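For reference, the structure is listed below as structure tokens.
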Protein chains: 2
Amino acid sequence: MSNAYNRPDQLSPELRRRVLDTARRLGYPGPDPVARSLRTRKAGAVGLLLTENLSYAFRDPAAIGFLEGLALACEDAGTGLLLVPANPEREDVASVHRAGVDGFVVYSVPDDDPHLAAVLERPVPTVVCDQPDLGTVDRVGIDDRGAMYELARHLIGLGHRRIGVVCMRLARDRNDGFVTPDRQHAAHFHVQRNRLSGLAEAFSEAGVDWSQVPVVERFDHNMASGASGAAQVLDRDPQVTALICTSDVLALGAMTEAARRGLRVPHDITVTGFDGIRAGEEAGLTTVRQPVLEKGRAAGKLLLDANERSRPRSVNLATELIIGKTSAGPRGGVEERWFGP
Amino acid sequence: MSNAYNRPDQLSPELRRRVLDTARRLGYPGPDPVARSLRTRKAGAVGLLLTENLSYAFRDPAAIGFLEGLALACEDAGTGLLLVPANPEREDVASVHRAGVDGFVVYSVPDDDPHLAAVLERPVPTVVCDQPDLGTVDRVGIDDRGAMYELARHLIGLGHRRIGVVCMRLARDRNDGFVTPDRQHAAHFHVQRNRLSGLAEAFSEAGVDWSQVPVVERFDHNMASGASGAAQVLDRDPQVTALICTSDVLALGAMTEAARRGLRVPHDITVTGFDGIRAGEEAGLTTVRQPVLEKGRAAGKLLLDANERSRPRSVNLATELIIGKTSAGPRGGVEERWFGP
DNA sequence: TGAAAGGACCGTAACGGTTCAGAACCAATT
DNA sequence: AATTGGTTCTGAACCGTTACGGTCCTTTCA
């Protein structure tokens with residue numbers, strides 16, 4: 001029976017025809033994929049776990065790029081891509097247990113996410129993205145710390161010393177406001193923690209007291225958050241000469257807030273982002289470009305040729321500092337001093 | 001055993017603890033989701049079939065919106081979303097057979113797509129989007145014909161009689177060039193067929209010989225296609241006063257081509273789109289807005305409360321004609337004549 | 001003509017859970 | 001002491017497929 005469908009060479013055409021005929025007559029709907037998966041131990045799909053609601057995957061430009069790359073790898077291998085619902089509010093780990101997949105890709109979730117723990121307990125290969133190296137599973141990411149350090153050096157070179165920062169959520173709890181040094185250090189999102197630490201290092205080296213730098217956190221990741229975060233920084237210290245955002249989306253929001261206050265970018269204030277999304281490019285944003293599509297594709301490739309117990313691999317992709325037209329020397333001209341006598 | 005995990009009330013806490021303990025000691029990784037699916041006849045996921053490569057879902061703005069809506073419905077119901085790979089080049093129906101899902105959403109595939117046929121043969125509920133009403137499964141879509149008719153009336157009112165059309169692929173075979181009336185009529189993509197027929201009706205009523213109107217087809221759906229399609233129309237008839245595109249993406253491409261030729265929009269030439277995507281809105285595109293997100297959400301809802309053999313439902317969502325700043329009266333001023341004596 | 005070889009076909013045992021019937025046990029009632 | 005009622009626990013059947021090994025029949029060659 002199974003052979004009639006899947007292995008036509010194993011039986012005579014005549015019998016095959018007869019089997020298929022009676023199958024149709026009996027209303028047999030074809031082999032059941034679930035039963036097949038049980039028997040063959042192959043689900044033909046990889047699962048994707050991300051920190052946000054499912055639909056976030058289609059709202060955030062960077063996530064979309066990542067998913068496109070991952071989908072590219074999947075279609076090459078002919079496997080499906082299962083988006084696993086993981087509501088960050090509830091600790092609904094059941095969805096991870098219910099997912100019939102051959103492996104997981106975990107995209108930027110907090111270190112202490114119960115869903116991540118649930119994935120790691122399942123006996124399937126896993127690739128984590130934008131996470132610390134767990135040592136036990138494959139990883140792909142970038143050097144967030146180094147990239148942000150480089151961006152900070154650029155701003156320091158321009159003369160900026162009095163800055164403000166708007167970052168994405170640092171932990172699972174909502175904290176829309178200023179961030180204590182403790183919270184920065186203990187941040188559960190690897191990416192944010194490293195970007196902040198890159199900034200802290202560069203500015204500390206340049207003689208800035210990092211503990212005095214206003215760092216504002218936003219739970220939701222969209223332009224409105226960037227705008228309100230920038231507003232909070234500017235309210236606290238109207239003298240800042242640069243707003244450093246840990247994502248392009250936040251930076252674009254910050255620019256609308258600057259405009260609302262009549263501040264010209266970059267003449268009155270410098271704004272920078274991180275990611276290198278299309279909309280940022282169009283706005284001429286100074287940022288760090290990271291290859292989001294390649295990241296997704298690399299994650300898929302890593303997962304799909306998980307060569308039986310090779311040691312866990314760790315891939316770092318290259319980033320590129322993009323100096324756009326949203327960064328310049330601080331108003332009043334430290335720039336002049338820079339090139340002066 | 002199963003009870004220890006899923007039905008704690010069915011056994012004493014003491015036994016439960018003992019079972020779980022020895023399970024852990026034996027390295028038991030928890031219940032296997034596939035076996036569970038087999039037994040319970042629930043996969044906990046819905047499948048999405050679309051006409052393009054998997055990654056297309058993350059490249060096309062309208063598709064992204066649709067998926068966001070679908071994901072929204074899925075996360076409400078706590079089900080996963082499985083993207084089924086369906087390479088349009090190869091007739092690889094196996095991926096449909098292998099998908100362990102509780103239902104399918106089929107998004108804008110050609111009438112004669114073998115993947116669609118394979119889905120319909122599977123004994124699971126199905127919702128088709130942007131497809132003709134099959135009578136046997138649920139459907140959600142818009143009145144493509146009526147919406148395009150309305151857009152055409154707007155252009156006719158402005159005085160346009162000499163027009164050109166750029167449309168998306170009409171069938172599974174690649175035909176990057178002019179479209180015969182036969183091919184228009186026999187188009188296998190419901191959406192494109194209806195949009196063209198809405199145009200044909202309106203312009204025929206206005207005294208235009210539709211068979212003389214240059215209609216150019218493009219297989220790939222991106223801005224480059226819109227640009228080259230527009231070029232082909234303008235090469236054939238440089239006198240056209242309006243370029244009607246069957247999607248915003250094509251229209252944006254057409255506008256770049258117009259700019260390249262030094263034609264000002266709308267003064268020298270009118271360009272219109274269809275969909276109502278963000279980038280079009282920013283460009284002030286005259287278009288038909290359709291609620292892509294709502295469409296996805298409606299499809300998901302329909303699928304997820306498939307109430308046991310109710311008659312197949314058919315949902316039409318409302319569209320809205322958006323008159324932007326890319327449409328105006330034809331150069332040389334039929335507009336004047338229009339308002340003249 | 002008989003043995004060996006090969007091909008076509010068929011029956012059965014997992015795969016790993018869930019479910020349900022009924023056994024075993026204990027306590028309370030008649 | 002026997003019946004009843006209730007709870008906890010055990011075992012077996014079933015979900016639908018694929019892998020495997022065995023039977024049977026046909027062909028080939030000594």
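Here is how names work: the chains are called A, B, and so on, in the same order as the sequence lines, proteins then strands, and each is numbered from 1. Quick caveat: nothing in here was measured; it's all calculated off a predicted structure.
R172(A) contributes a side-chain N or O that, together with a main-chain N or O of D112(A), makes up a donor-acceptor pair within less than 3.5 Å. With hydrogens and angles disregarded, a donor-acceptor distance shorter than 3.5 Å links the side chain of Q192(A) to the backbone of M168(A). Judged by distance alone, with hydrogens and angles left aside, the side-chain atoms of T79(B) form no donor-acceptor pair with the main-chain N or O of E75(B) at under 3.5 Å.
Here the rule is side-chain contact (heavy atoms from CB on, under 4.5 Å) with R139(A), and of N316(A), V127(A), V315(A), L134(A) only N316(A) fits it.
Ring geometry, F58(A) versus F58(B): the interplanar angle falls under 30°, so the pair is classed parallel (tilted spans 30 to 60°). Taking the six-membered ring where the residue is Trp, F66(A) and Y107(A) present parallel rings, their angle staying beneath 30° rather than reaching 60°.
Remark: Y5(B) is not in phosphate contact with dG16(C), judged by side-chain N or O atoms under 4.0 Å from OP1 or OP2.
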Per-nucleotide protein contact string for nucleotides 9-15 of chain C, where B marks a base within reach and S marks sugar-phosphate only (heavy atoms under 4.0 Å, - for neither): SS--BBB
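Applying the side chain to side chain donor-acceptor pair (under 3.5 Å) test to every pair with at least one member in residues 37-53 of chain A, sequence neighbours left out, gives these pairs: R41(A)-D32(B), E52(A)-R169(A).
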Dot-bracket pairing map - DNA chain D, Watson-Crick plus G-U, both contacts under 3.5 Å, | cross-strand: ||||||||||||||||||||||||||||||
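When the C1' atom of dG16(C) is taken as reference, atom NZ of K42(A) falls 16 Å away, rounded to whole Å. We find that CG of D32(A) is positioned 6 Å from C1' of dG16(D), with the value rounded to whole Å. The CZ atom of R17(B) sits 12 Å away from the P atom of dC9(D) (whole-angstrom rounding). Per the geometry, CG belonging to L26(A) stands 15 Å off C1' belonging to dG16(D), to the nearest Å.
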Audit row: L293(A), L72(A), side-chain contact (heavy atoms from CB on, under 4.5 Å) steps and yes/no: CA-CA 9 Å; L293(A) 190 138; L72(A) 239 30; 4.1 Å; yes
